[in-house]
Amino acid sequence: MQRASMKHLIDILRAEHHLESNGYKALLECDDDSVVAYLHEQAREVAQGVFARGIFVRGLVELTNVCRNDCYYCGIRNSNTALERYMLTTEQVLQSCQQGYELGFRTFVLQGGELPRDKAQWLVELVSEIRQRWSDCAITLSLGEWPREVYVALRKAGADRYLLRHESHNAEHYAKLHPAEMSLENRLQCLTWLKELGYQVGTGIMTGSPWQSLDNIVEDIEFIERFKPQMIGLGPFVPQHDTPLGKFATGSAELTCRLYSIFRLMFPNALIPSTTALNTIDVKGRIKGIMAGANVVMPNLSPANVRGNYALYDGKAITNAEAAEGIEQLETQLSTIGYHIDWGRGDHKQCTIHNA
Ligand code: 5AD
């Protein structure tokens, strides 16, 4: 397609928040740098129209690397015996939150492997304790698949948001990334329950996961378009050497940023993190993500001695601006591009502020 018609396509996406499948495909395929620059610029303008130049921060607490699941790409998969497993105590989690609160965080993200089902009660009590201690904070969970009643109990205990990437909306592709016990159907069922229960829900994919085609990504975009999540989580696939997919190529930072821009134009109000995985494969990843329309960063509040063990993939950035103590560094980094930290809870705004 000509440069002018590609730019026109981007204008349509910005104005109508929707394209036909071949429009999305054309944006993913485009190899004209000036068109991609235009896409990022449009997305950035839209993000600035909604959030000004504020970036929300979420304090990430990695509860545990124990996992009952066995996803082929993930370093904390159950079959990985090379990993020392840990589980934070309630006290350690609360201390991490306290430290985060003092630093100014008003959202805590409790993330972890999928714990054995008999740990559900512990999770519910933990959420309830955090809710009581820090009533002004949002609680986000990223704890994988559970029966509906567990999601109900966690929501009642005070959880506000839930992150659960669908990973791939193509059942065949999904099956190549996950063991037979897991299914796309169950993943989608969980996402539907979470939404029904009034969570603000996040979903998403890894870009460049093994066997992923551009058509698969178009399917993912169209699923996300229908599902309308409040949060969209996207990071490049990064191989982890002790997993069955450890020899596959790393995903692309460029494609990840392109998707941030496409989703920003589709969903002006969405909360889109510039992810750790992106910053791991590209030293300027975080800034590039923000320049492409992302508006959230999730620094790590976990105790320093366990961070190395939450090894979903190789080379994960665990220090400096990636860690909560590096918040000043983050502020400095953001200020170099004229952005700043927004210390608000950063709930998803229902109203659409239209393009200026
Ligand atoms: N590379 C990049 N992201 C990964 N995740 C798990 N393993 C990897 C990997 N090797 C992502 C998955 C999951 C999230 C918690 O981390 O998308 O949903």
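Every heavy atom of this structure was used, including side-chain atoms; hydrogens, water molecules and symmetry mates were not. In each ligand, atom 1 is the first atom listed, and ligand 1 is the first ligand listed. Just so we're clear, the structure is a prediction, and the values are computed from it rather than from any experiment.
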| Between W146 and R68, is there a cation-pi geometry (under 6.0 Å to ring centre, at most 45° from the normal)? | yes
| said: I need the contact residues for ligand 1: any residue with a non-hydrogen atom closer than 4.0 Å to the ligand, ordered by chain then number. | reply: Y73, C74, R165, E167, M206, P236, F237, V238, L312, Y313
| Inter-residue atom distance Y73.OH - M206.CE, 0.5 Å rounding | 4.5 Å
| query | Is E129 paired with R133 through a side-chain N to carboxylate O contact shorter than 4.0 Å? | reply | yes
| message | Looking at F227, I'd like to know if the NZ or CZ of K195 sits under 6.0 Å from its six-membered ring centre while staying within 45 degrees of the ring's axis. | response | yes
| field | Pairing of K316 and E62 as salt bridge, 4.0 angstrom limit | value | yes
| note | Rounding to 0.5 Å, atoms CE (M6) and CZ (R3) come to a distance of 11.0 Å
